[in-house]
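For clarity, every value in this text was computed on a predicted model and none was experimentally measured. Below, each value reflects all heavy atoms present in this structure, side chains not excepted, and no hydrogens, waters or symmetry copies.
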Amino acid sequence: MCYDIKASLEAQLKRARQYGDEIAIREIEQKLAPLTDLPIFHASGFQHPKLLIYTEEDRVIPEVATWGLVPHWVKDSVQQKKIWNNTLNARGETIFEKPSFRTAAKYHRCLVYVDGFYEHHHSKGKTYPYFIHRKDQQPLVFAGLWNRWKDPESGKYLNTFSIVTTEGNPMMARIHNNPKLQGPRMPLILPDDMEDKWLIPVEEELDEKAIQDLIHSYPEEELQAHTVHKLRGKAYIGNVPEISEEILYPELQA
């Protein structure tokens with residue numbers, strides 16, 4: 001699962017910078033970034049933050065999109081608000097089957113660049129948040145699904161997305177041990193050389209299989225994790241830079 005993230009504008013610009021188009025980068029910084037909730041030091045998907053996503057429509061210039069995919073068949077804003085808390089994540093193994101995701105899985109996949117994500121560890125009736133990121137401090141590239149939904153009441157378009165998840169690697173199995181879940185999960189993190197493959201259009205069954213072949217756990221040796229400030233309740237310090245700093249809990253060290 002992935003419901004809590006950290007995302008800076010610099011991380012979100014990584015793909016645009018790969019192409020070295022300074023004019024495009026300035027346009028993103030000046031016109032698109034102000035429409036987002038960046039920088040995000042900690043945000044929950046249930047807050048439906050606005051981020052930048054890179055889609056099959058333009059692989060250099062991103063779209064501003066809200067976390068929580070709204071499928072094309074949603075009829076009105078009432079139904080939209082009911083469904084998007086349930087579409088923050090899309091289980092990778094079933095994206096081509098589930099009604100909420102199958103159209104997006106075929107035609108509208110995207111990339112979401114973040115600094116890292118947070119997960120909770122359960123121990124003796126208490127929960128402890130961890131921040132997970134790449135050891136080399138480079139942004140993580142999440143595989144996502146997206147859709148441009150038209151609100152029939154206002155006529156306005158809303159870009160929305162979901163983060164694809166997969167089976168957790170051994171490190172995530174140690175951290176993400178929620179007893180209510182069937183096995184550990186983690187976001188589908190794409191290696192740098194697999195980003196473009198995630199955006200390939202699906203024209204036939206072989207293309208669909210090529211997408212499914214990308215759905216694997218990210219190697220634990222390339223990730224690093226540490227415990228952080230509480231992300232819920234009265235002890236929560238908010239969406240501030242310090243939220244991802246390491247905090248040691250003596251009871252976990254024992």
Side-chain angles (χ1 to χ4, degrees), residues 1-18 22 25-54 62-68 88-89 110-123 126-144 161-163 165 171-172 174-176 186-190 192 218 220 222-253:
M1 311 297 287
C2 180
Y3 292 134
D4 300 78
I5 61 166
K6 176 182 178 180
S8 63
L9 176 59
E10 192 57 35
Q12 294 242 283
L13 284 175
K14 180 182 176 182
R15 185 171 178 83
R17 292 197 186 284
Q18 288 175 346
E22 292 301 323
I25 292 169
R26 285 198 299 273
E27 183 176 341
I28 296 168
E29 291 175 327
Q30 295 170 8
K31 295 182 179 180
L32 297 183
L35 302 177
T36 71
D37 293 313
L38 299 169
I40 294 171
F41 303 105
H42 167 260
S44 163
F46 294 102
Q47 296 170 300
H48 306 288
K50 295 181 178 66
L51 291 88
L52 299 174
I53 63 171
Y54 293 85
E63 299 272 359
V64 177
T66 301
W67 191 358
L88 300 174
N89 290 166
C110 65
L111 303 172
V112 186
Y113 289 75
V114 302
D115 296 84
F117 64 102
Y118 302 87
E119 288 289 5
H120 283 88
H121 175 73
H122 293 252
S123 178
K126 295 183 179 181
T127 58
Y128 301 89
Y130 278 76
F131 179 62
I132 299 101
H133 60 95
R134 277 177 53 160
K135 282 184 178 178
D136 61 7
Q137 306 302 321
Q138 289 297 305
L140 296 172
V141 187
F142 286 171
F161 71 94
S162 178
I163 292 173
T165 67
M171 184 184 80
M172 291 306 303
R174 294 189 295 272
I175 296 173
H176 194 214
M186 68 183 298
L188 175 54
I189 303 168
L190 297 170
D192 294 340
Y218 197 71
E220 69 169 329
E222 296 186 22
L223 297 175
Q224 192 168 325
H226 60 259
T227 47
V228 296
H229 291 274
K230 295 288 186 178
L231 304 179
R232 308 283 190 268
K234 295 181 180 179
Y236 178 53
I237 62 174
N239 179 31
V240 294
E242 296 80 14
I243 193 69
S244 61
E245 292 180 353
E246 184 172 17
I247 297 294
L248 298 178
Y249 295 91
E251 60 270 35
L252 287 182
Q253 310 304 315

Just by distance, do the side chain of Asp4 and the backbone of Tyr118 share a donor-acceptor pair under 3.5 Å? no
Report yes if some heavy atom in the side chain of Arg232 is under 4.5 Å from a heavy atom in the side chain of Thr127; otherwise report no. no
Examine distances only and state if a side-chain atom of His42 and a backbone atom of Ser244 form a donor-acceptor pair shorter than 3.5 Å. no
At what distance, to the nearest 0.5 angstrom, does CG of Leu9 lie from CD1 of Ile25? 10.0 Å
Do you know which two heavy atoms are closest between Ala225 and Tyr130, and how far apart they sit? CB-CD2, 4.1 Å
Any residue meeting salt bridge (Lys or Arg N to Asp or Glu O under 4.0 Å) with Glu222, in chain and number order, not counting sequence neighbours: none
From Asp136 CG over to Gln224 CD, what is the distance, rounded to the nearest 0.5 angstrom? 10.0 Å
Quick check: does any side chain N or O of Glu119 sit under 3.5 Å from a backbone N or O of His176, one acting as donor and the other as acceptor? no
Would the distance check show the side chain of Ser162 and the main-chain N or O of Leu88 forming a donor-acceptor pair, the cut-off being under 3.5 Å? yes
Mind checking what makes ring-ring contact (aromatic ring centres under 6.0 Å, His included) contact with Tyr128, not counting sequence neighbours? Tyr249
Should the pair Glu245-Lys6 be classified as a salt bridge under the 4.0 Å nitrogen-to-oxygen rule? no
Considering non-hydrogen atoms only, spot the tightest contact between Cys2 and Phe142 and give its length. SG-CE1, 3.8 Å
Note: Leu13 and Glu29 closest approach over all heavy atoms is CD1-OE2, 3.7 Å
Euclidean distance, Tyr218 OH relative to Leu188 CG, rounded to 0.5 Å: 11.0 Å
Under 3.5 Å donor-acceptor, Thr227 side chain and Ile247 backbone: yes
Only pairs under 3.5 Å count here: list side-chain donor-acceptor contacts from residues 47-54, not counting sequence neighbours, and write none if there are none.
from  : atom 1 : to    : atom 2 : distance (Å)
Gln47 : OE1    : Ser44 : N      : 2.7
His48 : ND1    : Gly45 : O      : 3.4
His48 : ND1    : Trp67 : O      : 2.8
His48 : NE2    : Trp84 : NE1    : 3.1
His48 : NE2    : Asn85 : OD1    : 2.8
Tyr54 : OH     : Gln12 : O      : 2.7

Tightest non-hydrogen contact, residues Gly116 and Leu140, listed as CA-CD1, 3.9 Å
